[in-house]
Amino acid sequence: MMTQANVVIIGGGISGASIAYHLAEAGVKDIVVLEKHYMTYGATGRCGAGVRQQWGTRMNCLLAKKSVAFFEKAQEILAYDGDIEFKQEGYLIVASDEAEAKTFAAHVALQNSLGIPARVCTKEEARAIVPHLNTDAIHSATFCPTDGHLNPFTMTDAFFKAAKRLGVHYYDHTAVTDIRRQNGQIEGVMTQHGFIKTNTVVNAAGGWAKDIGAMVGLDIPVYSRNHEILVTEPVEKMQGPMVISFSKNIYCQQTPHGAFIMGRGDKDAPKGLDMGSSWQFLEAMAKTVSDLLPPVGELRVIRQWGGLYNMSPDHQPIISASRDVPGFYIACGFSGHGFMLAPMTGLLIREMILGQTPSMPLEALSLERFEGQEIEELETSVV
Amino acid sequence: MDNMNPKEIVICRCSDVTLADLFALFEQGYRTFEELKRIKRVGMGPCQANTCGKMVQWEIAKYFDIPLEEALFHNLRPFTLGIKLKHIKEGSDT
Ligand SMILES: Cc1cc2nc3c(=O)[nH]c(=O)nc-3n(C[C@H](O)[C@H](O)[C@H](O)COP(=O)(O)OP(=O)(O)OC[C@H]3O[C@@H](n4cnc5c(N)ncnc54)[C@H](O)[C@@H]3O)c2cc1C
Ligand code: FES
């Protein structure tokens, strides 16, 4: 293992992968990525991998829009030998009632003002897009045709393979156990396989990011919570877009492989690091999907699992340098949408580390924004 | 089996993965069941590795020369295999 590095990135998920790639691509040498288990062990390998630009805050809209622009060309940019399976057939967000429809209309206006091609749809228009949608269960919908989803494993693999070609050193089954400091400066990272000397550390540890922050004495205001998800047997293509509802608590998509993937949150799930599976989820999921998309209820479940959402107080990510610990950078708190934002995560962290002009204003992403502040802009469009 | 062409030995029937595919993945550095699953859908089919799991484990052990019990299998989860969503719904309604 390397004993010295310019940058050590902690976490082998999509964030760590994108950060490693973006730094290496800018010419940084001796980059090390450390992963406790294996690539995509965390939320990345457990997620829905949906990519949408239909958000309720300006920051999330912009991050997602710029990330989609990257995904559209990612296969070529990263010269990947596999298939990232980017399917760009939109997201249909259904509103259950008048009040929700009103909120969505305001969101669409915001999205349009930022150049995102979303639109409000009547029930009938929604059914033309997803023919098996039960329109009795909805009020109306919004649709953005350039939203979509990817294969989370191959997308992460694509970043890592490109990063490795550029010289990045990736070690899996290597847990970080401590970060050493002297006079406030980072000296290096202790792992289960030895010490790596470095002045720059990036915390991309997803649901475990708070523990990594604690290693340098930072209390990052995030918590983790299990989110469950299931997959069905593969069938002939019947659904193009992701169908999602915040009030009904469901997202459901068909992958190019043919299987349906669907999930929902549970506000009462305890905070913590549990990633278990439950019958309660299965039952609630079965009811919700059978009501909203009846033919999908005919499909057989083949597997269910759980993964961690890492929640920030305003449901927007923390992509930030630390003011108090020089050389310590943070990319966490993605609140259930860090997969789709990963290209921007990588770019912004690179710009911070190299002192480049940021591609967008960073205040709304900073760790310090929560200090003694009322939440200014809360993202409510989350399942 | 050793004298057969690995391209013709199908290891995972559900996801159509041959022994040659496995060897190619091993060479690229993927060495755990979880990684193979993620990259090539090995063991992710309707049978959920009931058919191929043991064979994959065996091939990992052989290729990397490690004891079989170190070639870790994936997590076993609640037995939802093959139940229709609507039947789960109906079951919970009664
Ligand atoms: C069920 C579910 C559905 C989701 N659906 C979507 C979606 O549709 N779209 C979307 O954009 N997002 C979705 N998300 C959110 C998305 O998965 C995450 O925001 C994103 O994957 C975070 O990536 P990451 O790389 O930051 O973290 P992770 O993927 O969690 O990676 C962190 C890694 O750090 C490693 N690690 C932890 N501690 C240590 C240590 N001490 N030393 C070394 N390594 C360590 C972990 O093993 C892990 O692999 C979903 C999440 C879940 C759970
Ligand atoms: S044979 Fe491999 S999953 Fe069924």
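Every chain is numbered from 1 and lettered A, B, ... according to where its sequence line falls, protein lines coming before strand lines. What you are looking at is a predicted structure, and each value in this text was computed from that prediction instead of being measured.
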Step through the shown structure and confirm whether more than 12 heavy atoms of other residues, nucleotides or ligands are within 6.0 Å of NZ on Lys87(A).
->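 Correct, the count exceeds 12.
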
Decide if atom CZ of Arg165(A) counts as having more than 12 heavy atoms of other residues, nucleotides or ligands within a radius under 6.0 Å.
->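 Yes - once you tally the heavy atoms of other residues, nucleotides and ligands closer than 6.0 Å, there are more than 12.
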
Taking every non-hydrogen atom, the tightest pair across Lys89(B) and Ser290(A) |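 Taking every non-hydrogen atom into account, CD-CB, 3.5 Å.
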
Exercise: identify the closest heavy-atom pair between Met44(B) and Ile302(A) | O-CD1, 3.6 Å

Applying side-chain contact (heavy atoms from CB on, under 4.5 Å) to Lys36(A) and not counting sequence neighbours gives Ala175(A)

Count the heavy-atom pairs under 4.5 Å between each of Arg31(B), Glu35(B), Arg41(B), Gln28(B) and chain A, then report the option with the highest count.
-> Arg41(B)

Please report the interatomic distance [atom1]([X]) to [atom2]([Y]), rounded to the nearest 0.5 Å.
X         : Y         : atom1 : atom2 : answer
Glu283(A) : Glu90(B)  : CD    : CD    : 12.5 Å
Glu233(A) : Cys47(B)  : CD    : SG    : 13.5 Å
His87(B)  : Glu298(A) : NE2   : CD    : 7.0 Å
Asp157(A) : Ile39(B)  : CG    : CD1   : 3.5 Å
Ile83(B)  : Leu299(A) : CD1   : CG    : 14.0 Å
Tyr38(A)  : Phe33(B)  : OH    : CZ    : 11.0 Å

Part of Thr232(A) within contact of chain B (heavy atom distance under 4.5 Å) | side chain

Where does Met262(A) contact chain B at under 4.5 Å (heavy atoms): side chain, backbone, both or neither?
-> side chain

What residues of residues 167-174 of chain A sit under 4.5 Å from chain B when you count only heavy atoms?
-> Asp172(A), His173(A)

